[in-house]
Amino acid sequence: MTDNRMVSPARWPAGVAIETTLARIRKHDSCLNAFTTVLPERAAATAAALDRQREIGSPAGPLTGVPFAVKNLIDIAGVQTLAGSKINRDTAPARRDATLVRRLEAAGAVLVGGLNMGEYAYDFTGENPHYGPSRNPHDPEHMSGGSSGGCGTAVAAGLVPVALGSDTNGSIRVPSSFCGVFGLKPTFGRLPRSGSFPFAASLDHLGPIAESVSLLAATYDVMQGADDEDPVCVDRAREPSVPTLDAGLRGIRIARAGGYFASNATPEALQAVADIAEALGATRSVEIPDAEVARCAAQIITAAEAGALHLDRLRTRASDFDPIIRDRLFAATTIPAAWVDRAQRFRRWYRRRVSELFRDVDIILAPTTPFRAPKIGATETVLGGKAVAVRPAIGLFTQPLSFIGLPVVSVPRWVDGGLPLGVQIIAAPWREELALRVAFHLEKNGLVHIRRPLLDGKLP
Amino acid sequence: MSEKDEQRAAAEALLDASCLAHGLALPEANRETVAANVLALIDAAKIVNACPLPENIEPATLFGAAP
């Protein structure tokens, strides 16, 4: 590593970093709508404590002074965990911070607020009828992507350098693609979800969205570790990614995903993958088997788990849901057990078959989304010459991967001067460090990067 | 009745049974859009059910989902 800042994002003095961040949020968030809660007192107090520690010579954490915000399904002590809903406004404030918030603050990061999201995370658009849409900073008439829409918006606009989101079927990777930032969906079971509002428990992941690969990796590293409160979180030794981030590509076998992942996408989305593959010297193509079936099975399991989760709220508060989400949840209550059983059997089989692919390759490249961010409110688009519904099509390439818990980094590529597009760097289970290494190599060589938008005619 | 109408009627019947079983009151105004969502789930289930699987494969479970 030649530039230590690339792996050490600490920002000093913390008080100044936080003051600047809060001023930026005050200035730009009224048009971007990324935040639902801003915590100036808490952030200032945390920053002041960090600066006092520095003055007395205490060792600094790896994220000291780095401002961050969390999707509002993640608990913040004293704040209602909205999960994008109107209904949760009637719940008591969280009694303590979520596990990952505590881990980030223990590493010196400073929480500045909660972020907008699609209702109950059942969303790929970032639209929300209760709180308004989080807007794409590169063109506020366009979607941020969802459901971690506020995360994508806030990081892309430079309001915070890193945010914590969730991904059940693509909700970290989709806003990363639409907003042109870096996102990591870790292996299922790697990071604890305790203190977060669930969506579909057998598919829910938490993970970071960041302005650079080094910050993505540093954030991911400090969040690792077992957690007794999340039965899904695996008791596995921490496997830091930062030490190998700049190790280069030597020994990494990279292929493009063909078949399903090479069709059903716009030419720009395929071009983004082709550019990255060429830069990495990846000439080989592999086919992820039965990806379309996997997507359908993910839809069934997601709907069944979400329908069961919200049953009481459907009975008592049906009119308070986002109508689009409510209709999906009502439909979800009809799913017979036999469908779920079949989908879960397929899931195990599919996981086994995809695992076999990783005997011959280490990394697979695929588009993150089939198209660029549509305009807010768009309901139809054209794919392969056919009109398709926008909302479900957004998740075409993310759902088959989270379905079996594979780790994925989405990196932003800018094609033809338009809005950004993400490329998924997919690794075998528990090999996040390989995906991050490839992402770092691409960023270091200028092939993927964030691009600051002009806000009010100026750079934020 | 066209095939499409038959499917819609079947989806609505499934929905009515679910509402009865779960004690849900579906607003009449939402009936059509919810039925369309049910049909989308039926289409997804058909694709999953048509995929041949080995006989002895166990279902993935919540706690077995970590790869």
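Fair warning: this is a prediction, and the values are worked out from it, not measured in the lab. So that the names make sense, note that chain A is the first sequence line, chain B the second, and so on, each numbered from 1.
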So for [X], is it side chain, backbone, both, or neither that comes closer than 4.5 Å to the heavy atoms of chain B?
{"X": "A:R326", "value": "side chain"}
{"X": "A:I335", "value": "side chain"}
{"X": "A:R352", "value": "side chain"}
{"X": "A:A303", "value": "side chain"}
{"X": "A:D341", "value": "both"}

Row check, A:Y260 ring normal vs A:R295 NZ/CZ: under 6.0 Å, within 45°: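 No, A:R295 and A:Y260 do not form such a contact.
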Most chain B-contacting option - heavy-atom pairs closer than 4.5 Å, from A:E292, A:R328, A:Q299: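 The candidate making the most pairs under 4.5 Å is A:R328.
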State whether the side chain of [X] and the backbone N or O of [Y] hold a donor-acceptor pair below 3.5 Å, judged by distance alone.
{"X": "A:D230", "Y": "A:R193", "answer": "yes"}
{"X": "A:E229", "Y": "A:S194", "answer": "no"}
{"X": "A:K185", "Y": "A:L406", "answer": "yes"}
{"X": "A:S355", "Y": "A:R351", "answer": "yes"}

Proximal component of B:A25, with respect to chain A [non-hydrogen, under 4.5 Å]: backbone
Contacting moiety of B:L39, where chain A heavy atoms sit under 4.5 Å: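 Neither part.
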Among the listed options B:L14, B:L24, B:L15, the residue most often paired with chain A at heavy-atom distances under 4.5 Å: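 Among the listed options, the one with the most contacts to chain A is B:L24.
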A:F397 and A:F261 aromatic ring geometry - parallel, tilted or perpendicular at 30°/60° bounds: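 Tilted.
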Result of checking B:N37, B:N30, B:V34 against A:F330 for side chain to side chain contact (heavy atoms under 4.5 Å, CB included): B:V34
